[in-house]
Amino acid sequence: MKLDLAILFPVLAVATWICVPIYAALVRGRFYAIFSAVLLGFSLPGALVLHARLRAAIPPEWVFALDVVFAWSMLVSGVQFAHLVRARMRSSAFRWLVSVPGQTFIAGGMLAGPWLVVLLPFRMLFVALGWDTVLTAWTFVEAIPLALAVASVLTSTAARPETVRIRLAREGPKAFARVAVERVHGRVAEYGSGAAARGSERPSERDPGRPLRIVQLTDTHLGPWQSVSRLRRRVAQLVERDPDLIALTGDYLTMESMGSPGCLASALAPLVPLADRCVAIFGNHDHEAPEHVRDAMKELGITLLIDGEACFETPAGFVQVIGSDYLSQDHAKRLATLLERHPRREAHLRLLLLHDPVGFHALPDDDVDLVLSGHTHGGQVGLVSLGLDWTVLSRTRWPDQGLFARGASRLYVHRGTGFYGFPLRVGVPAEHSLLEIFGA
């Protein structure tokens, strides 16, 4: 029995690595076969090494449990990859017994590989010096990625309500820079409470001193980590806050939800009473199943802007919303053309919905008051949960999360309502916020 359990995980790992890509190639096609083979190739070596080292480091009475955990994790990982060959939304039992542990395990393995390489010189030193006791303790340092992957499940599934206060200005830093934003956690006293219950009825008189109140939904990624019922609950909670506008800034689906037509409309159904205040754009993943998104927005009565414009009269004033299609190249040229086609309207706040925030760098100076973006999932790994702005994207060209400025233009990057694939939200929680926009 001990011998069988010792080799069960490695046997399952090799079998999965070989069989899943072959099955994918036969049933779904070459692309997913290569995709699955590469992901398994990145994750399994680190997991195999850690399994062997942990078996040698832990007390003998714990070895059986370790083998069972690794074998089960590998088994459900294989089932999860195989299920994606014919992807569709699954039951809660499947998600929690298969998808969540499987994807968590693969995420831990992907983190473990580079981590083990970084720590390898230290292990070699301890071996050369004959420090067996230190070497045993060092194994648990090497296993930190597995602990991080498990801990990230909590960050990935939780979202607490907050109010984000953004103050616009007529000027700002000449170079692109992060600027301060006020975040108030929990529910706060809000304007116009109760209007949502009256459908689309709005106050007849505008209040110039009142902030524009926007709910942004982005990167919902309806799938194993974001069920229809969970997203519906979160949307309903945001609708209860009675925003003036609701901006949906792309990436609504995953492979699972793309295989389940109608699920997006069901998840976003609480938006129907406020559909006349809603605008949506495409993200990059939406171009993998554009008709699913078009059909859902049409069914809900939501305006889908694909390089288009919509104008609103709100209790806080007039708002011009320009929605950009997803851009992967030629940002400067295509955004300039879009903004020229829809020039600034007098006495309107000029708002641009742009899925990928990197396009903000290419905008004409001071041509837009505020850009709302997503795409980055807040950087995914960072120290945001500790109240710090640092993430792994902080030094890259991608604005990760929060508020940025260049001149009079402001960019707000939402951390996202969900994420795609592996639970790598470590220290960067999902966002569940109401934005209060104060004029210059």
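The figures that follow rest on heavy atoms only: side chains count, while hydrogens, waters and symmetry mates do not.
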Between Arg410 and Asp369, does any NZ, NE, NH1 or NH2 come within less than 4.0 Å of an OD or OE carboxylate oxygen? no
Quick one: list whatever passes side chain to side chain contact (heavy atoms under 4.5 Å, CB included) with Leu111, sequence neighbours left out. Pro145, Leu424
Is Asp295 close to Pro261 at the side-chain level, that is, under 4.5 Å between some pair of heavy atoms? no
Between Ala47 and Phe70 the two heavy atoms that sit nearest each other are O-CE2, 3.7 Å
So, do Glu436 and Val164 sit near enough that their side-chain heavy atoms are less than 4.5 Å apart? no
Who are the side chain to side chain contact (heavy atoms under 4.5 Å, CB included) partners of Ala289, not counting sequence neighbours? Leu253, Met258, His292
List, one per line, each side-chain donor-acceptor pair under 3.5 Å for residues 20-34, sequence neighbours excluded.
residue, atom, partner, partner atom, Å
Arg28, NH1, Leu84, O, 2.6
Tyr32, OH, Phe81, O, 2.8

Within the side chain of Arg425, is there an N or O that forms a donor-acceptor pair under 3.5 Å with the backbone of His377? yes
For side-chain contact (heavy atoms from CB on, under 4.5 Å), just list the numbers for Leu274 and Ile246, CA-CA rounded to whole Å, side-chain angles, deciding distance to a tenth of an Å, and then say yes or no. CA-CA 8 Å; Leu274 279 68; Ile246 298 174; 4.0 Å; yes
Do Leu168 and Ile437 come within less than 4.5 Å of each other through their side chains, counting heavy atoms only? yes
Carefully, step by step, assess Ser433 and Glu162 under the rule side-chain hydrogen bond (donor to acceptor under 3.5 Å, both in side chains). CA-CA 5 Å; Ser433 63; Glu162 63 180 344; 4.7 Å; no
Check the pair Arg277 / Asp244 against side-chain contact (heavy atoms from CB on, under 4.5 Å), numbers first and verdict last. CA-CA 7 Å; Arg277 310 179 208 172; Asp244 302 317; 5.8 Å; no
Can you name the one residue among Leu370, Val181, Leu212, Leu372 that meets side-chain contact (heavy atoms from CB on, under 4.5 Å) with Leu435? Leu372
Taking C-beta and beyond as the side chain, do Leu335 and Leu327 meet within less than 4.5 Å on heavy atoms? yes
Apply ring-ring contact (aromatic ring centres under 6.0 Å, His included) to Tyr412 and list each qualifying residue two or more places apart in sequence or on a separate chain. none
What is the minimum heavy-atom distance between Leu40 and Pro45, and which atoms define it? O-CD, 4.0 Å
Going by side chain to side chain donor-acceptor pair (under 3.5 Å), name the pairs with one or both residues in residues 394-403, residues two or more places apart or in two chains. Arg178-Asp400, Asp356-Trp398, Asp389-Gln401, Thr391-Asp400, Ser394-Asp400
CG (Leu50) and OG1 (Thr139) are apart, to the nearest 0.5 Å, by 8.5 Å
Between His51 and Phe9, does the ring centre distance come in under 6.0 Å? yes
Show your reasoning for whether side-chain contact (heavy atoms from CB on, under 4.5 Å) applies to Asp286 and Tyr252. CA-CA 7 Å; Asp286 301 316; Tyr252 311 105; 3.3 Å; yes
Write down the atom of Leu44, the atom of Ala13, and the distance for their closest heavy-atom approach. CD1-O, 3.5 Å
Please report whether the ring centroid of His221 lies less than 6.0 Å from that of Tyr420. yes
Pairwise side-chain contact, Leu393 with Thr376, heavy-atom cut-off 4.5 Å (strictly under): yes
Using 0.5 Å steps for rounding, measure from the NE2 atom of His414 to the NE2 atom of His355. 12.5 Å
Under the rule for side chain to side chain donor-acceptor pair (under 3.5 Å), what residues qualify as partners of Ser92, not counting sequence neighbours? Arg95
Between Val384 and Arg415, is any pair of side-chain heavy atoms under 4.5 Å apart? yes
Listed by chain and number, what are the salt bridge (charged side-chain N to carboxylate O under 4.0 Å, His left out) partners of Glu288, not counting sequence neighbours? none
Is it the case that over 12 heavy atoms from other parts of the model lie below 6.0 angstrom from the CZ atom of Phe140? yes
Side chain to side chain, Leu411 and Pro399, heavy atoms closer than 4.5 Å: yes
Hey, could you give me the OG/CZ distance between Ser373 and Phe360, rounded to the nearest 0.5 Å? 9.0 Å
Rounded to the nearest 0.5 Å, what separation is found between the CE atom of Met124 and the CG atom of Leu129? 12.0 Å
For Pro60, the side chain to side chain contact (heavy atoms under 4.5 Å, CB included) test, sequence neighbours excluded, returns none
ring-ring contact (aromatic ring centres under 6.0 Å, His included) partners of residues 253-284, not counting sequence neighbours, each pair once: Phe282-His287
Rounded to the nearest 0.5 Å, what's the gap from CG on Leu146 to OG1 on Thr104? Could you check? 11.0 Å
Distance from Lys298 atom NZ to Leu304 atom CG, nearest 0.5 Å? 12.0 Å
Arg160/Glu431 salt bridge by N-O under 4.0 Å criterion: no
By ring-ring contact (aromatic ring centres under 6.0 Å, His included) - contacts of Trp115 (at least two apart): none
Restricting to non-hydrogen atoms, name the atom on Val179 and the atom on Ala405 that form the minimum distance, rounded to 0.1 Å. CG1-CB, 3.8 Å
Of the non-hydrogen atoms in Pro273 and Pro270, which two are nearest, and what is the gap between them? CD-O, 3.2 Å
Do Ser266 and Arg232 pass the side-chain hydrogen bond (donor to acceptor under 3.5 Å, both in side chains) test, and can you show the C-alpha distance, the side-chain angles, and the key distance before you say yes or no? CA-CA 8 Å; Ser266 178; Arg232 189 190 295 123; 2.7 Å; yes
Check whether Phe176 forms a cation-pi arrangement with Arg406 (NZ or CZ under 6.0 Å from the six-membered ring centre, at most 45° off the ring normal). no
Ionic contact status for Glu299 with Arg294, cut-off 4.0 Å: no
Dump the intermediate steps for side-chain hydrogen bond (donor to acceptor under 3.5 Å, both in side chains) on Thr218 and Gln216, then the final yes or no. CA-CA 6 Å; Thr218 193; Gln216 182 182 358; 4.6 Å; no
Could you walk me through whether Leu434 and Leu238 satisfy the side-chain contact (heavy atoms from CB on, under 4.5 Å) test, starting with their C-alpha distance in whole Å, then the side-chain angles of each, then the deciding distance to 0.1 Å, before giving a yes or no? CA-CA 7 Å; Leu434 174 78; Leu238 291 169; 5.7 Å; no
Side chain to side chain contact (heavy atoms under 4.5 Å, CB included) involving Arg88 - partner list, sequence neighbours excluded: Arg90, Ser260
Contact summary for Leu300 and Ala265, nearest pair of heavy atoms: CD2-O, 3.6 Å
Taken in chain and number order and not counting sequence neighbours, the residues that satisfy ring-ring contact (aromatic ring centres under 6.0 Å, His included) with His432 are none
If we ignore hydrogens and angles and just use 3.5 Å, is the side chain of Ser77 paired with the main-chain N or O of Gly102 as donor and acceptor? yes
